[in-house]
Asker: 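Pasting a structure here, questions to come.
Proteins come first, then strands; the chains are lettered A, B, ... in the order of their sequence lines, and each starts at number 1. Just so we're clear, the structure is a prediction, and the values are computed from it rather than from any experiment.
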Amino acid sequence: MEYLSTNKIAIVDLTNSKVSDQELDKELVKEKIGGAGITTALYEEYQKEDPVILGTGLLTGTLVPASALSIITAKSPLTGKVCHAPITLYAGIELKYSGFDYVVIKGNSSKPVYLWIHDGIADLKEANEIWGKDVWESTDFIRELMGDPLIQILGIGKGGESGSDFGQVCINYWASGDRWGFGKLFGQKKLKLVALRGMSLLEIADPEEFVRECKELLSTIKKGSFAGKKGIGELSAALGEDIRKWLEPIVHRHLSCFNTSFPTNTFVFLDEEPKRLKETDKEEPGFLITDLYGLLGFKKLGLSASDTCALLRESAKYGMDAVAVAELSQKAGKKKPDEIKKTLSGLKGALESLGKGKFSPWCPSFNLSTDEWERRQAVAYLFGIHPIFALMSPELSEEKLIELANLGTGLAFTAETLDKVIADILK
Amino acid sequence: MGIKVDPKKCVSCMACEMACGYHRDDGFALLSSCIMVTRGREKRDYSAVVLKEEENLVIARPEGLEVRKLGSGGEADQSKGKEDASAKPLLLREPCDLCSDREDGPLCLQFCPADAISLG
């Protein structure tokens with residue numbers, strides 16, 4: 001695959017500690033587009049070896065607005081179905097720039113390992129020193145070891161290591177959209193984390209026209225209904241639950257995922273003056289809220305914004321899905337932060353908020369029907385568009401994304417191609 | 001006339017970096033950008049936008065603008081902390097040319113979704 005691609009798939013065999021790579025067949029791209037289309041095909045190809053597939057969207061890491069997304073595809077320990085979780089922030093693009101469009105991780109290792117993917121090379125490394133560390137410690141360890149603070153980490157904490165159904169694959173220090181228990185899968189495979197870094201170059205079939213279209217699209221998006229708004233508070237308000245007054249006193253800043261107009265993430269300061277502009281001396285002054293439903297889950301227990309975000313931080317350090325922690329705490333009648341924190345170890349129970357489809361319920365529905373929401377998510381997960389922003393921005397239409405895909409790759413995708421691939425991944 | 005960055009508007013999305021990289025390489029890459037969002041202090045939520053100009057290194061920090069003369073030795077200070085090691089390659093790159101070969105001006109400005117970049 002020549003354009004918008006690294007043309008490489010890594011095949012990582014944990015059982016035999018072997019790594020190989022293969023070319024990304026252009027015919028596969030023509031047939032399955034990218035993202036969830038190809039991760040699903042790769043999952044089916046390797047399904048006997050219980051694979052976890054990491055994959056980039058066709059447009060991931062480009063100037064297409066909100067092209068921030070990569071995905072994890074695997075069988076969810078919670079639902080028993082093959083599901084997809086979003087990789088956002090900067091980790092989504094780092095996968096592609098590390099030199100691989102897709103990574104197949106199959107089998108189980110007999111000892112703790114981590115996968116270091118950088119500049120077109122994938123290495124399996126011993127992880128004895130970080131097995132047992134929490135998500136934050138592990139991220140710090142790897143970045144210090146490699147001397148690069150921009151390494152992006154998909155990692156688990158004690159939640160995943162201990163086999164909790166709610167173990168989450170986190171992104172660096174923060175919660176992710178993994179609501180499928182993929183952290184448990186990492187733990188079963190003795191895979192502590194995947195570290196990503198690279199400086200690839202993606203070529204474009206028709207560069208000038210592609211970039212011109214991206215610019216026009218951004219210009220239209222900037223006139224849309226979310227123009228000028230920022231943060232998880234605004235997002236919640238748009239969904240009908242206004243938490244802005246509750247959260248605002250501790251908000252430090254709002255942050256976007258790669259090239260995404262609306263910052264869906266909000267950094268709160270818990271141990272520092274929130275309005276401070278200068279860099280703080282404190283090592284861990286706060287937390288980046290990346291998961292609206294985790295936030296709302298703890299709020300529902302009657303907690304303050306500070307206590308809520310402190311629990312989000314504890315959940316992320318432990319590598320647990322905060323939505324599950326909040327919901328099961330509520331069911332158990334636990335409402336005090338200390339009581340809830342103690343539930344992180346050994347958390348069990350059935351979730352009402354469990355996702356029922358293929359795509360993570362981390363992304364709100366925006367009052368769409370299930371079918372509409374699923375189709376829009378499918379489009380986002382194929383092309384590599386931020387799933388929340390895809391729902392906020394109708395300007396990122398299917399027609400426009402197909403047009404950009406064709407300009408970028410020189411291929412000839414059609415609405416029929418898209419319909420067929422969506423039908424395949426939803427079946 | 002040069003690029004101006006308002007760090008209070010910046011949402012650290014890296015669109016400027018990618019746009020600059022495209023201008024340099026005619027493909028998507030971050031290897032040659034002369035504008036960069038420093039992201040090395042993630043846990044502290046502290047970042048700046050750093051721009052390499054012909055003679056200056058411009059650092060737009062949340063608390064204010066800092067301009068360091070290139071070649072004075074002082075520019076190295078901006079990357080002395082290990083958290084900012086990622087900004088070091090910027091010193092080796094080509095300076096901003098304001099996308100002089102483009103009729104519609106600098107691409108970083110056009111692709112900033114937060115209107116944090118202007119010409120002034």
Side-chain angles (χ1 to χ4, degrees), chain A residues 3-4 61-63 65-66 68 90 93 96-97 136 139-140 143-144 147-150 172-174 199-204 207-208 211 214-215 218-219 221-222 228 230 252-263 265 267-269 272 276-286 288, chain B residues 7-33 36-48 61-64 79 81-89 99 101-105 107-116:
Chain A
Y3 298 114
L4 303 186
T62 66
L63 283 174
Y90 311 116
I93 72 155
K96 192 167 262 189
Y97 284 91
W136 287 39
T139 296
D140 284 340
R143 288 177 169 181
E144 281 171 24
D148 186 346
L150 299 190
N172 301 341
Y173 308 102
W174 323 117
M199 285 288 181
S200 291
L201 169 78
L202 307 179
E203 296 192 2
I204 313 158
E208 287 298 316
V211 169
C214 289
K215 206 163 61 179
L218 176 63
S219 172
I221 286 169
K222 282 167 86 169
K230 290 179 178 180
H252 179 240
R253 196 166 71 110
H254 306 294
L255 281 97
S256 282
C257 299
F258 169 74
N259 195 13
T260 302
S261 301
F262 184 92
N265 315 294
F267 207 107
V268 292
F269 270 4
E272 181 55 278
R276 181 187 174 101
L277 294 177
K278 279 190 173 181
E279 183 178 14
T280 174
D281 293 332
K282 294 183 176 159
E283 282 297 317
E284 298 177 0
L288 180 67
Chain B
K8 289 179 189 163
K9 285 186 178 176
C10 176
V11 290
S12 300
C13 77
M14 294 169 63
C16 55
E17 272 187 72
M18 191 59 81
C20 185
Y22 168 76
H23 167 62
R24 300 288 178 187
D25 291 327
D26 283 335
F28 293 123
L30 299 166
L31 200 59
S32 313
S33 312
M36 178 183 274
V37 182
T38 61
R39 297 178 283 126
R41 300 172 190 186
E42 187 174 343
K43 270 197 294 188
R44 294 177 180 174
D45 189 30
Y46 185 81
S47 69
R61 303 183 193 280
E63 66 268 34
S79 54
K82 61 184 176 185
E83 300 91 343
D84 275 347
S86 56
K88 275 184 181 169
C99 296
D101 59 340
R102 296 186 177 277
E103 283 179 13
D104 46 0
L107 272 182
C108 59
L109 186 156
Q110 294 165 48
F111 275 97
C112 177
D115 294 329

Asker: At their closest point, which heavy atom of Met199(A) faces which heavy atom of Leu30(B), and how far apart are they?
Answerer: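 Here Met199(A) and Leu30(B) meet closest at SD-C, 4.3 Å.
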
Asker: Measuring from atom CZ of Phe267(A) to atom OG of Ser12(B), what distance do you get when rounded to the nearest 0.5 angstrom?
Answerer: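 Rounded to the nearest 0.5 Å, the CZ-OG separation comes out at 11.5 Å.
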
Asker: Heavy atoms only, distances under 4.5 angstrom: which of Thr62(A), Ile93(A), Asp281(A) has the most pairs with chain B? Name it, please.
Answerer: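 Highest number of heavy-atom pairs under 4.5 Å: Thr62(A).
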
Asker: Between Pro62(B) and Arg253(A), is any pair of side-chain heavy atoms under 4.5 Å apart?
Answerer: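 Counting from C-beta outward, Pro62(B) and Arg253(A) never come under 4.5 Å.
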
Asker: Are the side chains of Leu218(A) and Gln110(B) in contact, using a 4.5 Å heavy-atom criterion?
Answerer: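 No, their side chains stay 4.5 Å or more apart.
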
Asker: With Arg44(B), which of Lys282(A), Glu283(A), Glu272(A) fulfils side chain to side chain contact (heavy atoms under 4.5 Å, CB included)?
Answerer: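 So the option named by the test is Glu283(A).
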
Asker: Answer with side chain, backbone, both or neither: which region of Tyr22(B) has an atom nearer than 4.5 Å to a non-hydrogen atom of chain A?
Answerer: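 Contact with chain A: side chain only.
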
Asker: Using non-hydrogen atoms only, which part of Glu208(A) is less than 4.5 Å away from chain B: side chain, backbone, both, or neither?
Answerer: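 For Glu208(A), backbone and side chain are both near chain B.
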
Asker: Distance check, rounded to the nearest 0.5 Å: Asp26(B) atom CG versus Glu203(A) atom CD?
Answerer: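 If we round to the nearest 0.5 Å, Asp26(B):CG and Glu203(A):CD are 9.5 Å apart.
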
Asker: Please flag which part of Tyr3(A) lies under 4.5 Å from any non-hydrogen atom of chain B: side chain, backbone, both or neither.
Answerer: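 Neither part.
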
Asker: With a 4.5 angstrom heavy-atom cut-off, which part of Cys10(B) approaches chain A: side chain, backbone, both or neither?
Answerer: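 Just the backbone, heavy atoms under 4.5 Å.
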
Asker: So what's closer than 4.5 Å to chain B heavy atoms on Ile221(A): side chain, backbone, both or neither?
Answerer: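 The answer is neither part of Ile221(A).
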
Asker: Would you mind checking which part of Tyr90(A) comes under 4.5 Å of any heavy atom in chain B, side chain (CB onward), backbone (N, CA, C, O), both or neither?
Answerer: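 It is the side chain, since no backbone atom gets that close.
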
Asker: How long is the gap from CZ on Phe258(A) to CD on Glu17(B), to the nearest 0.5 Å?
Answerer: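 Separation between the atoms: 9.0 Å.
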
Asker: Side chain from CB out, backbone as N, CA, C, O: work out which of these in Glu42(B) comes under 4.5 Å of a heavy atom of chain A, or both, or neither.
Answerer: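 Contact with chain A involves both backbone and side-chain atoms of Glu42(B).
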
Asker: Would a 4.5 Å heavy-atom cut-off, applied to side chains only, mark Lys222(A) and Asp115(B) as touching?
Answerer: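 SC-SC contact between Lys222(A) and Asp115(B) confirmed.
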
Asker: How far apart are the C-alpha atoms of Lys43(B) and Thr139(A), what are their side-chain angles, what is the distance that settles it, and do they pass the side chain to side chain contact (heavy atoms under 4.5 Å, CB included) test?
Answerer: CA-CA 11 Å; Lys43(B) 270 197 294 188; Thr139(A) 296; over 6 Å; no

Asker: Find the distance between CG (Asp45(B)) and CG (Leu288(A)) and round it off to the nearest 0.5 Å.
Answerer: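 It is 7.0 Å, given to the nearest 0.5 Å.
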
Asker: Check each atom of Thr280(A) against the heavy atoms of chain B and say whether the ones under 4.5 Å are side chain, backbone, both or neither.
Answerer: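 Looking at Thr280(A), backbone and side chain both touch chain B.
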
Asker: Counting only non-hydrogen atoms closer than 4.5 Å, does Arg143(A) touch chain B with its backbone (N, CA, C, O), its side chain (CB onward), both, or neither?
Answerer: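 Arg143(A) touches chain B through side-chain heavy atoms alone.
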
Asker: For the candidates Phe269(A), Trp174(A), Phe262(A), which exhibits the highest count of non-hydrogen atom pairs separated by less than 4.5 Å from chain B?
Answerer: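 Top option by heavy-atom pairs under 4.5 Å: Trp174(A).
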
Asker: Taking every heavy-atom pair that is under 4.5 Å apart, which of Asn265(A), Leu4(A), Asn172(A) has the most such pairs with chain B?
Answerer: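 Of the candidates given, the most pairs with chain B belong to Asn172(A).
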
Asker: What I'd like to find out is whether the side chain of Phe28(B) reaches to under 4.5 Å of the side chain of Lys96(A), using heavy atoms alone.
Answerer: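 Answer no - side chains too far apart.
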
Asker: Nearest 0.5 Å please: distance from the CE atom of Met36(B) over to the CG atom of Leu150(A).
Answerer: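 Answer rounded to 0.5 Å: 7.5 Å.
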
Asker: Show the nearest heavy-atom pair for residues Glu63(B) and Leu277(A), with the distance to one decimal.
Answerer: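 Scanning both residues, the minimum pair turns out to be OE1-O, 3.6 Å.
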
Asker: Contact part of Thr260(A) toward chain B, heavy-atom cut-off under 4.5 Å: side chain, backbone, both or neither?
Answerer: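 Just its backbone gets close to chain B.
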
Asker: For Asp140(A), is it the side chain, the backbone, both or neither that has a heavy atom under 4.5 Å from a heavy atom of chain B?
Answerer: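 Only the side chain of Asp140(A) comes within 4.5 Å of chain B.
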
Asker: Name the region of Pro263(A), side chain, backbone, both or neither, that has any atom closer than 4.5 Å to a heavy atom of chain B.
Answerer: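 Answer is side chain: those atoms of Pro263(A) sit under 4.5 Å from chain B.
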
Asker: Let me confirm one number: the NZ-NZ distance from Lys9(B) to Lys230(A), rounded to the nearest 0.5 Å.
Answerer: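 Interatomic distance, Lys9(B) NZ to Lys230(A) NZ, rounded to 0.5 Å: 8.5 Å.
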
Asker: Might you point out which heavy atoms bring Ile204(A) and Gly27(B) nearest each other, and give the distance in Å?
Answerer: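 Reported closest heavy-atom pair: CD1-CA, 3.9 Å.
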
